[in-house]
Amino acid sequence: MHTRLFYVLQSMVPFSFALDKDTPTLFLKFTKKSQYSLVEHNATESQDAPIPSDAYTINGLPSDVYNCSQDGTYQVKVKQGKTYMLRVINAALNAQHFFQIANHTLTVVAIDAIYTNHYDTDVLVLAPGQTVDVLLRTNQRVASYYMAFTPYHSAPLITINANITRGLIIYEGDTSAKPVMPDLPAQTDTEKAHRFYTNITGLAGGPHWVPVPRDVDEHMFITFGIGFTVCSNFSGGCTGSTRPLSANMNNESFVLPRGRGASMLEAFYGNNVDGVYTRDFPDEPPVEFDYTNPNISNEMPFAFQIAPKSTKVKTLKFNSTVEIVLQNTAIITTENHPIHIHGFNFHVLAQGFGNYNATRDEPKFNFRNPQIRNTISVPVGGWSVIRFQANNPGVWLVHCHLETHLPWGLAMAFEVENGPTPSSSVPAPPADLPKC
């Protein structure tokens, strides 16, 4: 997968920790012949489950776990007694991953390019698009140590590529014959994944810190998950007897407005959204039910599992504060969904399993030093509460970062109104903007 994805912490701000060397960024990717086109075709045409990848790679190299790439293992050479920074990015399309380096503790110092309090851990967990910056202290004996990615498989009923990939940390002067391999977690270890995702806290008062806004203007409760749709593309592989997969947020399955004469942002700028999108995305689901009941698909009629296709947005006033409860559902199956909001970072106030309950869960909100992210992995069969300030005008997509789920419809958009000044308003499109 030839993805270019670069991010760095603000270089003008000194690090809040001692550092001997800033190492290359580590990109986890997957590989497959015509990778993205296959995933996109599978999601939009056949509407079937994702095609498993052929291999995972670190910085483009599949590693010695695959027969065809015995010499294709990514290596980092280090000196004993030093401190290195690793920037780890999950650029895989459809899988979350654990990351571990044999015999070494990693210190998390930033997530999604925002500083955190230092958090020591032997394992990282990253959803697609998430980033983690860690300090690696080379305090072990001179040897070679594998760094390895293995999938976090939150929905065991769904087929994935369960293979691992690995690279090498090679100490200067190493003459050992065999690298040390980490004891990787079970791929279904939700407890370990949840512990990592929830134990990190933000560096309150540090560089680029933004306090939690306390007065909320918009409260939203958004359910999301996988469902079915009516088979409408018989040439794509589905038949009248099959059940093509779909996805939704608050029972609305999002459709990108292709072929409607204008993009959503153009329609917003020209104040002519008719036929492109509507401004009626609901603040809550149309029906309240036992969202995480594992038997819900059997207890409700099949029509309950089908959401209408639409292109709906939620309109927000400039600078308004929005709080969202993101509630996973168990229709078809529960799964850890990484939800990404374009255009904004947000505070993660709390997370948990089961159905969100305000009376029980609001006292858990962390207003002092919550994580700040742009992609939140909502726990499998659980919920997350996030809060942000809508200070970026325009139309911003909200969607699951598991690549197949976006074309299925697990998305919505925020339409943020212009502010009072030219600098807080959407500028005119460039003259050479391609037409949809």
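Just so it is clear, the values below take in all heavy atoms, side chains as well, and ignore hydrogens, waters and symmetry mates. Just so you know, these numbers come straight off a predicted model, no measurement behind them.
Between the side chains of Ser253 and Ser246, at least one donor N or O lies within less than 3.5 Å of an accepting N or O. No hydrogens or angles considered: a donor-acceptor pair under 3.5 Å links the side chains of Tyr152 and Thr190. Side-chain contact, Arg368 with Thr201: no donor N or O sits under 3.5 Å from an acceptor N or O. Counted by atom type alone, Arg195 and Thr121 present zero donor-acceptor pairs between their side chains at under 3.5 Å.
Of the candidates Phe388, Phe344, Phe281, Phe414 forms a ring-ring contact (aromatic ring centres under 6.0 Å, His included) with just one, namely Phe388.
A donor-acceptor pair under 3.5 Å is formed between the side chain of Asn117 and the backbone N or O of Gly202. In this structure, Asp112 contributes its side chain and Ile114 its backbone to no donor-acceptor pair below 3.5 Å. Under the 3.5 Å distance criterion, the side-chain polar atoms of Asn328 are matched with a main-chain donor or acceptor of Pro379. Using modelled atom types, one side-chain atom of Asn94 and one backbone atom of Thr404 make a donor-acceptor pair closer than 3.5 Å. With Gln130 contributing its side chain and Thr375 its backbone, the two residues share a donor-acceptor pair below 3.5 Å. Panel note: side chain Asn336, backbone His153; no donor-acceptor pair is recorded below 3.5 Å. Counting only distance, with no hydrogens or angles, the side chain of Asn319 and the backbone of Ala390 share no donor-acceptor pair below 3.5 Å. Proximity of a side-chain donor or acceptor of Thr311 to a complementary backbone N or O of Val255 within less than 3.5 Å is detected. For Asp361 (side chain) and Asn357 (main-chain N/O), a donor-acceptor pair under 3.5 Å exists by modelled atom type. Looking at Ser320, its side chain never comes within 3.5 Å of a backbone N or O of Leu316 through a donor-acceptor pair.
Residues Phe254 and Tyr277 place their aromatic rings such that the two centres sit no closer than 6.0 Å. Proximity of the aromatic rings of Tyr356 and Tyr291 is defined here by a centroid distance below 6.0 angstrom, and this criterion is not met. Between His194 and Phe353, the ring centre distance stays below 6.0 Å.
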Next on the checklist: For Asp290 and Asn355: C-alpha separation, side-chain torsions, deciding distance, then whether side-chain hydrogen bond (donor to acceptor under 3.5 Å, both in side chains) applies.
Outcome noted: CA-CA 7 Å; Asp290 186 2; Asn355 297 335; 2.8 Å; yes
Checklist entry - Are Leu136 and Ile169 close enough, and set up right, to give a side-chain contact (heavy atoms from CB on, under 4.5 Å), and what steps lead you there? => result CA-CA 10 Å; Leu136 167 66; Ile169 302 290; 4.2 Å; yes
Item to check | Working for side-chain contact (heavy atoms from CB on, under 4.5 Å), residues Leu203 and His118 | outcome: CA-CA 8 Å; Leu203 185 60; His118 288 197; over 6 Å; no
Checklist entry - Going through the distances and angles, do Ile372 and His208 end up as a side-chain contact (heavy atoms from CB on, under 4.5 Å)? => result CA-CA 10 Å; Ile372 299 178; His208 310 293; over 6 Å; no
Checklist entry - Are Asn418 and Ser424 close enough, and set up right, to give a side-chain contact (heavy atoms from CB on, under 4.5 Å), and what steps lead you there? => result CA-CA 6 Å; Asn418 287 321; Ser424 60; over 6 Å; no
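Looking at Asp217 and Lys317, no side-chain N of the basic residue comes within less than 4.0 Å of a carboxylate O on the acidic one, giving no salt bridge. A salt bridge does not link Glu252 with Lys309: every distance from a Lys NZ or Arg NE/NH1/NH2 to an Asp or Glu carboxylate oxygen is 4.0 Å or more.
In this structure, CD in Gln305 is found 4.0 Å from OG in Ser297, a value given to the nearest 0.5 Å. Atom CG in Asn139 sits 7.5 Å away from atom OG1 in Thr105 (nearest 0.5 Å). We find the CD1-OG1 distance between Ile58 and Thr165 to be 5.0 Å, quoted to the nearest 0.5 Å. Between the CD1 atom of Ile111 and the CD1 atom of Ile376 there is a distance of 8.0 Å, given to the nearest 0.5 Å. Met412 CE to Ser310 OG: the interatomic distance, rounded to the nearest 0.5 Å, is 10.0 Å. Between Lys364 atom NZ and Leu349 atom CG the span is 13.5 Å, to the nearest 0.5 Å.
Contact record, Phe98 with Ala186: CE1-O, 3.6 Å, taken as the closest heavy-atom pair. Closest approach of Ala204 and Asn369 over heavy atoms only: CB-CB, 4.1 Å. In plain terms, the two heavy atoms of Ala92 and His97 that are nearest each other are CB-CE1, 4.4 Å. What you find for Ala127 and Ser377 is that their closest heavy atoms are CB-OG, 3.4 Å. In plain terms, the two heavy atoms of Pro393 and Phe318 that are nearest each other are CD-CE1, 3.9 Å. Taking all atoms of both residues into account, the shortest heavy-atom contact from Gly60 to Pro62 is O-CD, 3.8 Å.
Looking at His405 and Trp408, their side chains come closer than 4.5 Å, going by heavy atoms from C-beta outward. Residues Glu415 and Arg279 have side chains in contact (heavy-atom distance under 4.5 Å, counting atoms from C-beta outward). Here the side chains of Leu410 and Met249 are in contact, with some heavy-atom distance below 4.5 Å. Side-chain contact between Val108 and Leu124 is present, with at least one heavy-atom pair separated by less than 4.5 Å. Side-chain contact between Asn250 and Met220: absent, with no pair of heavy atoms (C-beta onward) separated by less than 4.5 Å. Side-chain contact check for Phe99 versus Thr150: every heavy-atom pair is 4.5 Å or farther apart. Between Ile386 and Ile324 there is a side-chain heavy-atom pair separated by less than 4.5 Å. The shortest distance between side-chain heavy atoms of Pro151 and Gln96 does not fall below 4.5 Å.
Within 6.0 Å of CG in Asp183 there are 12 or fewer heavy atoms belonging to other residues, nucleotides or ligands. Atom CD of Glu299 has more than 12 neighbouring heavy atoms from other residues, nucleotides or ligands inside a 6.0 Å radius.
Classified by interplanar angle (parallel below 30°, tilted 30° to 60°, perpendicular above 60°), the ring pair Phe304/Phe289 is perpendicular. Taking the six-membered ring where tryptophan is involved, the planes of Phe224 and His337 are perpendicular, since the angle between them exceeds 60° and thus also 30°. Using a 30° and 60° split on the angle between ring planes, His399 and His340 fall in the perpendicular class, above 60°. Below 30°, between 30° and 60°, or above 60°: for Tyr119 and Phe196 the angle between ring planes is between 30° and 60°, a tilted geometry.
Judged by a 6.0 Å distance limit and a 45° cone about the ring axis, Arg214 is positioned over the six-membered ring of Phe367.
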